[in-house]
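Written below as structure tokens is the structure these notes are about.
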Amino acid sequence: MVLGNHGRGFTAAVFGPLAHLLVRLGVSPNLVTVIGTVATSTAALLLLPTGHLVLGVLAVLVLAFADSVDGLMARELGEESAFGAYLDSTMDRITDAAIFTALGLYLLGQDEQRWQGIGLALGLACVFFGMLVSYARARAEGLGISAKAGIAERTDRLVFAGVATMAVGLGAPPVVLVVALVLLVVANLATVVQRSLVVYRASTEPERT
């Protein structure tokens with residue numbers, strides 16, 4: 001899973017013209033960040049729980065990739081700031097929570113009772129452990145240690161969940177989404193362990209003179 005590392009060139013090529021237009025119009029990158037969060041979260045919570053999975057996935061994925069617009073704008077303006085990075089990261093957590101909560105609510109509404117409770121629990125578990133992944137990196141960086149390692153970056157999680165959701169929307173049984181959420185929980189946990197090991201090794205290495 002390396003989409004988070006290699007997708008930036010694609011988003012820059014696709015959304016670069018839009019970012020340039022917004023800059024010319026005098027729109028603030030931070031405003032774009034907030035609007036993107038509201039739009040993506042609203043699309044997820046309105047479309048996914050009600051069974052509009054294909055439309056919901058397409059809307060969420062387009063809006064999620066468009067999340068790069070604010071960063072492109074900030075770089076063009078030369079206004080990359082600590083607050084902008086903080087706001088972007090915080091808004092990402094809200095978006096992720098909305099998406100995976102929406103998937104849990106979709107499974108909760110299924111006729112097959114065996115998927116209802118476990119589906120909602122898995123959706124919320126993805127929210128919790130996804131935030132834990134982000135916290136592990138942020139806490140490490142607060143200690144001066146780079147901890148970007150891990151198999152489940154944010155973009156990877158969104159794309160993987162989107163593919164499974166799209167499959168169910170096209171006729172696959174709900175168990176496909178259940179299995180996907182299980183795998184995401186495991187991947188999140190593995191990423192937390194990987195980042196913890198990075199911090200442990202960095203903090204226990206003898207200082208070089």
Side-chain angles (χ1 to χ4, degrees), residues 1-4 7 10-11 33-68 88-138 150-195:
M1 293 185 178
V2 291
L3 292 172
F10 169 78
T11 55
T33 300
V34 174
I35 291 175
T37 298
V38 172
T40 307
S41 300
T42 300
L45 291 170
L46 288 180
L47 296 172
L48 298 178
T50 55
H52 299 88
L53 300 184
V54 175
L55 179 59
V57 168
L58 293 176
V60 167
L61 283 180
V62 169
L63 290 167
F65 276 114
D67 180 60
S68 63
D88 187 63
S89 180
T90 301
M91 293 297 102
D92 284 347
R93 304 292 79 74
I94 294 174
T95 300
D96 294 353
I99 292 171
F100 287 104
T101 299
L103 293 177
L105 291 174
Y106 165 75
L107 291 170
L108 181 64
Q110 295 304 294
D111 294 333
E112 296 183 63
Q113 293 185 354
R114 57 180 174 169
W115 303 133
Q116 292 179 348
I118 191 173
L120 180 60
L122 286 170
L124 296 178
C126 284
V127 173
F128 174 78
F129 289 113
M131 290 187 178
L132 187 58
V133 167
S134 299
Y135 173 79
R137 175 177 172 178
I151 62 172
E153 290 193 4
R154 179 176 185 258
T155 304
D156 301 320
R157 297 196 300 268
L158 291 177
V159 172
F160 188 73
V163 170
T165 304
M166 179 73 77
V168 175
L170 293 174
V175 66
V176 171
L177 182 55
V178 172
V179 172
L181 293 179
V182 169
L183 293 176
L184 283 173
V185 170
V186 173
N188 282 330
L189 284 170
T191 300
V192 172
V193 171
Q194 287 176 297
R195 293 182 174 180

Worksheet entry | Results of salt bridge (charged side-chain N to carboxylate O under 4.0 Å, His left out) for Asp92 - residues two or more places apart only | Arg154
Worksheet item: Does Ser89 have any side-chain hydrogen bond (donor to acceptor under 3.5 Å, both in side chains) partners at least two apart in sequence or in another chain, and if so, which?
Response: Arg93
Discussion item. Do Leu181 and Leu107 have side chains that approach each other closer than 4.5 Å (heavy atoms only, starting at C-beta)?
Written reply: yes
Discussion item. Using a 3.5 Å distance criterion without hydrogens, assess whether the side chain of Gln116 forms a donor-acceptor pair with backbone atoms of Gln110.
Written reply: yes
Practice prompt. Could you please spell out the steps behind the side-chain contact (heavy atoms from CB on, under 4.5 Å) verdict for Leu105 and Leu120?
Written response: CA-CA 6 Å; Leu105 291 174; Leu120 180 60; 4.2 Å; yes
Discussion item. I need the Asp96 CG to Thr37 OG1 distance, nearest 0.5 Å.
Written reply: 9.5 Å
Fill in: Heavy-atom pair of closest approach, residues Phe100 and Leu158
CE1-CD2, 4.5 Å
Item to complete: For Thr95, enumerate each residue passing the side-chain hydrogen bond (donor to acceptor under 3.5 Å, both in side chains) test, keeping only those at least two apart in sequence or located in another chain.
Response: none
Worksheet item: Measuring from Thr191:OG1 to Ile151:CD1, what's the distance to the nearest 0.5 Å?
Response: 5.0 Å
Practice prompt. State which residues pass side-chain hydrogen bond (donor to acceptor under 3.5 Å, both in side chains) with Thr50; sequence neighbours excluded, sorted by chain then number.
Written response: His52
Worksheet entry | Heavy-atom check, side chain of Thr101 versus side chain of Val127, under 4.5 Å | yes
Worksheet, complete the sentence: Here the gap from Leu45 atom CG to Ile99 atom CD1, rounded to the nearest 0.5 Å, amounts to 9.0 Å
Practice prompt. Provide the closest heavy-atom pair for Leu47 versus Ala59 in the form atom of the first, atom of the second, distance.
Written response: CD1-CB, 4.2 Å
Worksheet item: Can you tell if the side chain of Leu189 reaches within under 4.5 Å of the side chain of Phe129, non-hydrogen atoms only?
Response: yes
Worksheet entry | All side chain to side chain contact (heavy atoms under 4.5 Å, CB included) counterparts of Val62, not counting sequence neighbours | none
Worksheet item: Any side-chain heavy-atom pair from Asn188 and Arg157 closer than 4.5 angstrom?
Response: yes
Worksheet item: For the atom pair OG1 (Thr165) and CG (Leu53), what is the distance rounded to the nearest 0.5 Å?
Response: 6.5 Å
Discussion item. Between Phe160 and Leu184, is there a side-chain heavy-atom distance shorter than 4.5 Å?
Written reply: yes
Worksheet entry | Heavy-atom side-chain proximity of Met166 to Leu58 below 4.5 angstrom | yes
Discussion item. A side-chain contact here means heavy atoms from C-beta on lying under 4.5 Å apart; do Leu177 and Leu122 qualify?
Written reply: no
Worksheet item: Nearest heavy-atom pair of Val185 and Ala125: which atoms, and what distance?
Response: CG2-CB, 3.9 Å
Practice prompt. List the atom of Ala164, the atom of Ala180, and the distance in Å for their closest heavy-atom pair.
Written response: CB-CB, 3.4 Å
Discussion item. Nearest 0.5 Å, please: how far is CE in Met91 from OG1 in Thr40?
Written reply: 11.5 Å
Item to complete: Determine the minimum heavy-atom distance between Ala97 and Met131, stating which atoms define it.
Response: CB-CE, 4.0 Å
Practice prompt. Decide yes or no for Ser41 and Ile94: does some side-chain heavy atom of the first lie under 4.5 Å from some side-chain heavy atom of the second?
Written response: yes
Item to complete: Enumerate the residue pairs fulfilling salt bridge (Lys or Arg N to Asp or Glu O under 4.0 Å) with a member in residues 39-63, sequence neighbours excluded, ordered by first and then second residue.
Response: none
